[in-house]
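Working notes, structure below.
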Amino acid sequence: MATTTSTQQQADVRFTQRELDGARILCECLIAEGVQIIFGYPGGVLLPLYHVFSEYPEIRHILVRHEQAAAHAADGYARATNKVGVCMGTSGPGATNLVTGIATAMMDSAPVVALTGQVTRSLIGRDAFQETDITGITLPITKHNWLVMDTADLATTIKKAFHIAGTGRPGPVLVDIPKDVFTSKTYFSGYPAEVKMRGYNPTVFGHARQIKQAAKLINEAQRPVLLVGHGVTTSEAYNELMELAERAEIPVISTLQGLSSFPTAHPLSLGMPGMHGNLHANHAINESDVLIAMGMRFDDRVTGNLKSFARNCKIIHIDIDPAEIGKNVPVHIPIVGDVKKVLQVLNLHVNAAKHTEWLEKITHWRGKDAARRENEMARLGVLPPQFIIKTLGEVLGGEAVITTDVGQHQMYVAQHFNFRKANSLISSGGLGTMGFGLPSAMGAKMALGENVPVWTVTGDGGFQMNMQELATCVQEKINVKIAILNNGVLGMIRQWQQVFYDGRYHSTPITGPDFVKLAEAFGVRAWRVTHRDEVARTIQEANDWDGPALIDFIIPQGENVFPMVPPGGSNLDAITEA
Amino acid sequence: MPTITANTGTKHTLVVLLEDEPGALNRVVSMFRRRSFNIESLSVGHTEEANLSRMTLTVAGEDNEVEQMVKHLYKVLEVVKVTDVTAEQSIIREMALIKVTADKPENRAEIMQFAEIFKARVLDVAPDSITLESTGPEDEVDRLFILLKRYGIKESVRTGSVAMLRGSSVAGAI
């Protein structure tokens, strides 16, 4: 109780002080914003801030081993909760190390606030020690950014930063704060209740007439298809999507980012389309007469060659970002708005319907695809990656959240994991950032707490990009589980070399450490699995272990992800074997 | 040397009102660069309202591409209002200063005549040169350049276009 009292006293002192330095103002603002966790790394110009952190026990600082991981962890935290994640780095190298994580969050619309220290105001522009123009560097990869040049502007800037990051189409916002802005004092009248920005007014509610037109088109459709993306997750429109799909009997195709917004095992779920998508999903898009796209941006990995994508249908596109509409494909009915809000109105106008003939056709394609998968699974050796992912889905049931790295294992997860829980896949889709898996899992785990198991599925390549974060997991007691699909090569790149570059495997064989020994060196429990029989049992054991755990799955080299659409090719020309 | 070049698409004139914050102009220009949109001309200055700048952008592109430019302009936080005045009745002007070689008396007379026809002002006369100020639609300024070229242009500078709607309509009424 003594500690509580002293904290209370400290808090009282805090609020009676009118004059505060920038460091304390920042902390007050972060607390007012509800920030509980910051993923960061200290440095010279941030010392005034770290100096006062102990006065603010409400904020927990997670010391990562590399700022890139801080940004990915904030991103994972944000995606797991749809709340704003916060990361921090010092000026210069600390700030530039955040860049890849910020760009990743930008491409996948994750709400992140990145705080960076900057050199003292009088040194800006002098090439001072550890100075970089981080607002200049991050201009194209942030939703917005600021350099705060006056302590008096700090509170409104932080308010604006969180508002912009978390509203409209979410995205990363960076606030760069010079060292002497942290140390100089100003009158602090409290965190602003609201901010007004003339140029920032996201459209949330869709246009009523266009929604009615869309409903009419859907009601008249013979072969409708829903194509859902990350916007369903960010607006938490799961029930509305389910209602629309079931009432009007419309099959649901999900982009990689949309995968866990609709249960994989649902009869109307067709899974992922595109480069490594299901053949029946690509066929369904191709033969649909009405395509209802929502919260997705027609990425080239989804569409394949635009000349042959969705040529025979009318497209309804719902997105909160007006600039996404008509960017890549011409749209017949554009609806700018939040997916959930739009669907709530749209569902009022959509009639119950059956599309028996259309679904039979899809079932026929699906059957062919299922046969191909069965053949594939039978052909594979003692420990096929597809089998591991399938088993992981079975053992974990509907509880776990999966983050992935980037590469073959990521596509195996997209193809073979049975997603039952809404928002249970966190993956770098837009930027395709290797090294994203472990740190984003740390962020998700911190956000979701003990009752939700968080696993990262990674490759031996991607894992080596941020494996130093095992130390963070141990020091901060972050209970994540790591499954490495270890084939000793950069699998996806090697696959391209095999299929498109005459099998000249240059620089794709990659050695790694003994991952079990490595994990143990960090203090992480670890297993090695080499046979199918051990998969389920080991996953269960790792999941039950109270602490971070790692499984090194030794998978065959040269196993490839199929189907595969050659880049720039039509989605109907997928290769199904090498 | 300015020449009249064929446009890849229709030329559009966009009037952009934006909040006068540090780096706002940079944000607009950077957006055009990274999205590979081409700016043909750009002029920017203060408006009658404090903290509000006004840009006139001349861009070339098909209608759908220009529509994308407008949408992406709105993603720049400082941008308050974008108006495509291309299809409107508008006044579009740019200004050029042209220093032309005029060392022969007969040339001087001709240059002065052209200046009068094009309503260009004579700003400076030296023994071997005349400096003109020409204000008008871009193509009018272009035509004067073509006429003066034969005498030898020593130096020239052109502003980007500025635009305003005719009548009592206001571009970017907010």
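As the structure is a computational prediction, the values presented were derived from the model and not from experiment. Reminder, nothing fancy here: chain letters follow the sequence lines and each chain counts from 1.
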May I ask you to check whether over 12 heavy atoms, not counting those of B/R34, lie within 6.0 Å of atom CZ? yes

When rounded to the nearest 0.5 Å, the distance separating CE of A/M197 from CD of B/E78 is 10.5 Å

Distance col, row A/H144:NE2 vs B/E21:CD, nearest 0.5 angstrom, shows 6.5 Å

| said: Quick check on B/D124: does its CG atom have over 12 non-hydrogen neighbours (other residues, nucleotides or ligands) under 6.0 Å away? | reply: yes

Looking at side-chain heavy atoms only, is the closest gap between A/K327 and B/E67 below 4.5 Å? no

Is any side-chain heavy atom of B/K75 closer than 4.5 Å to a side-chain heavy atom of A/R169?
yes

Take atom CE of B/M95 as the centre, draw a 6.0 Å sphere, and report whether it contains more than 12 heavy atoms from other residues, nucleotides or ligands. yes

* Please indicate whether B/M31 has more than 12 foreign heavy atoms, meaning atoms of other residues, nucleotides or ligands, lying under 6.0 Å from its CE. => yes

Honestly, the part of A/N201 sitting under 4.5 Å from a heavy atom of chain B is neither

For the side chain of B/K71 and the backbone of A/I325, is there at least one donor-acceptor N/O pair under 3.5 Å apart? yes

Regarding A/N145 and B/R27, do their side chains bring together a donor and an acceptor under 3.5 Å, going by distance alone? yes

d(A/L139 CG, B/N26 CG) to nearest 0.5 Å is 5.5 Å

Checklist entry - Counting only heavy atoms not in B/E116, do more than 12 fall under 6.0 Å of its CD? => result no

* Carboxylate-amine/guanidinium proximity below 4.0 Å for A/R198 and B/E49 -> yes

